[in-house]
Amino acid sequence: MGAREDEYDYLFKVVLIGDSGVGKSNLLSRFTRNEFNLESKSTIGVEFATRSIEVDGKTIKAQIWDTAGQERYRAITSAYYRGAVGALLVYDIAKHLTYENVERWLRELRDHADQNIVIMLVGNKSDLRHLRSVPTDEAKLFAERNGLSFIETSALDSTNVETAFQNILTEIYRIVSQKQIRDPPEGDVIRPSNVEPIDVKPTVTADVRKQCCQ
Amino acid sequence: MATAPRSLDTISLCSTVSSCPDRNGFYGGFQRTDKPKEPLSKAQIIAREKKWLYMIDNWSIYMSKNYKKIRDRCRKGIPKSVRPKAWFYLSGAYLLKKKNPNVYNELLEKPGNPTTIEEIKKDKHRQFPFHEMFLDEQKVGQIELFNVLKAYSIYNPKVGFCQAQAPIAAFLLMHLPAEDAFWVFVSVCDVYLQDYFIPGLEVIQNDAGILEGLLKKTCPPVYRHLQKHKVEPLLYMTDWFLCAMTRTLPWETLLRVWDCFLAEGIRVIFKVALVIIGASLSRHKVRKTCTGLCETLAVLRSPEEHIVEEEFIINNMMRLNLRVEDFQIEHTRQKARRAKQKAQQEAESSGSGNGHRRNMPTL
């Protein structure tokens, strides 16, 4: 890895969640290595990869985590969520059941992840136009009602993959920046290259402030 | 199937794909072996084969009176031509098949749980995608993989189908005809990896604690490094254990490890894991460059090539200073710890009402 790759201003951990077979692993490989594999193996256990992007002149290093989607694996994924500041909740637009299970995944996030985690709803496999079973508007409305970002992607033909990650990382960055502006004594916005990951801790005081985007 | 135009520049395979398979049937992927194996002489191979065939013909006598001979020969490696039959006997599958004539075919006639069948269908094309048996849906491999997994899900509805079982079933189908593979699979899932795949995945959580305890005993500096950076075992060991190393090891190493696994059980998977972890992080220089969780995980999940060579793994496995008692001690210790944790969790949940409860890392 080059020296430039190792230097960053922020390190954000983002988790990929969603039913088995919706394309989580190919979203990861498309974004981090620009690869799509028609014959990808099912994910068992934990995988992760990193890639850096620029937002407002700052280097954001994205640490993307991927794990098994089968329901019984939720028993062993609590460590997976630790420190995550963002989540891409993926469903398959050609399989309505994977969209119906989004509610369950949201509950999973509520139980295991930081309550301030930024969540984006991702309808993957948008290339399967003739097999669509989840109308865009329906999912978009669901996202709005639940305070989620929304986008449709195709890891196969690359549609919106770059945009999805760029958008969630930008959203996380905006929130972190706002926090820093409100709490300037905690340090400079620009941090040294060996910075520790930003850990957005849960609010423990009675004063629960809403996220800026809500 | 996708209807979008599929230009070559948007689709790529993660490995080079050859136009002809290696001697094990792989066109690509990390388990393809390009270099020829160092050959035993023809006479040596024949001699070993004869010994194995004699042992198989007198199996119950060897099992009851000279198991040590079986174990030692398994550790040396079973000759390729005899391996399928040897595994069939080692696993006890030959007894299961004898006791259950035609059960496999009867299971295949049954419909099975529709949700489970759907899950199996999603995964049957996602095992060993570079192997000639599993290249596409028409290949007998995928058909038989579906059949074995379906039959098992009906045979043991308590498990049904767990995604991690698929590579094990596929691996066995590369060596045995479907019905025989099925019974070895039953033995592996219900005896060797008993309760591993039941929803809740309790056993692997226990085994994660056991692995940590054994690592503390066998390689304290590495143990301390993992603790320091909060590298929990479930972040690196999950697929090693749930898939019985079938996705982790180069092919020749995997075969040797399974020779031992079927002879000695889950202890072998623990030992392989300890060798990989220990060898990957034993050098202070490496630990120094692994300054955090991700760097450490990357080293563990992609061990250096020499670490997963068959002789390295097998020799170091034998060299580990671990007795059966050590496993039992850690098992008891972990069981007590888990019981304590559950008691605490119950106390918290009843005491805190609607309070936000987060799983605390085990330390």
Side-chain angles (χ1 to χ4, degrees), chain A residues 11 13 19-21 29-30 33-50 63 65 67-83 95 97 110-115 125-131 154-159 194 196-197 202 204, chain B residues 1-7 9-14 29 118-119 122-123 125-130 134-136 160-164 166-167 197-202 204-205 208 230 232-243 247 291-294 297-298 301 356-361:
Chain A
L11 173 59
K13 175 177 173 176
D19 282 1
S20 175
S29 64
R30 176 63 77 191
R33 300 190 298 277
N34 196 24
E35 287 172 359
F36 179 92
N37 197 335
L38 275 172
E39 303 295 344
S40 68
K41 295 188 297 184
S42 44
T43 307
I44 293 162
V46 175
E47 306 285 343
F48 75 92
T50 63
Q63 189 186 92
W65 291 60
T67 188
Q70 195 181 25
E71 184 163 2
R72 69 188 69 192
Y73 284 87
R74 299 182 202 187
I76 57 172
T77 51
S78 55
Y80 174 72
Y81 294 103
R82 183 178 312 117
K95 289 188 176 163
L97 181 60
R110 257 172 240 131
D111 288 345
H112 292 103
D114 188 292
Q115 63 179 313
K125 306 196 188 185
S126 63
D127 52 282
L128 301 179
R129 287 177 194 86
H130 304 303
L131 299 174
S154 168
L156 186 147
D157 66 24
S158 296
T159 301
N194 58 346
E196 289 296 314
V204 294
Chain B
M1 186 58 68
T3 54
R6 214 180 307 164
S7 54
D9 62 330
T10 65
I11 296 167
S12 64
L13 295 175
C14 297
E118 203 54 41
E119 283 188 330
K122 269 197 280 192
D123 269 15
H125 69 286
R126 302 207 283 174
Q127 315 308 322
F128 301 104
F130 296 111
F134 301 101
L135 282 179
D136 58 57
F161 168 67
C162 176
Q163 281 185 292
F197 305 109
I198 291 177
L201 301 185
E202 291 281 345
I204 193 171
Q205 295 177 67
K230 294 183 170 39
E232 289 185 16
L234 287 174
L235 294 176
Y236 58 83
M237 74 173 285
T238 301
D239 56 333
W240 292 356
F241 279 67
L242 286 177
C243 301
R247 284 169 155 212
T291 55
L293 174 77
C294 285
L297 270 184
R301 298 185 57 78
H356 183 74
R357 182 161 55 86
R358 187 182 299 275
N359 290 341
M360 301 305 291

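At a 4.5 Å heavy-atom cutoff, the contact between F161(B) and chain A is made by backbone and side-chain atoms alike. Residue contact with chain A, scored on non-hydrogen atoms closer than 4.5 Å, involves the backbone and the side chain of C294(B) alike. Only the side chain of L242(B) comes within less than 4.5 Å of a heavy atom of chain A; its backbone N, CA, C and O stay farther away. E202(B) does not touch chain A: none of its heavy atoms, backbone or side chain, sits under 4.5 Å away. Both the backbone and the side chain of Q163(B) come within contact range of chain A, with heavy atoms under 4.5 Å apart.
At least one side-chain heavy atom of L293(B) sits less than 4.5 Å from a side-chain heavy atom of L235(B).
Shortest non-hydrogen contact noted between L135(B) and P129(B) is CD2-O, 3.4 Å. Smallest separation of non-hydrogen atoms from R30(A) and A155(A): NE-O, 2.9 Å.
Distance check: L131(A) CG to K95(A) NZ gives 10.0 Å after rounding to the nearest 0.5 Å.
Contact count against chain A (heavy-atom pairs under 4.5 Å) is highest for K122(B) among K122(B), Q205(B), M237(B). Your options are D19(A), I44(A), I76(A), and the one with the most heavy-atom pairs under 4.5 Å with chain B is I44(A). By number of non-hydrogen pairs under 4.5 angstrom with chain B, the leading residue of G69(A), A68(A), S126(A), A79(A) is A79(A).
Side chain of T77(A) to backbone of Y80(A): no donor-acceptor contact under 3.5 angstrom is found.
Relative orientation of the W65(A) and F48(A) rings is parallel, given thresholds of 30° and 60° on the angle between their planes.
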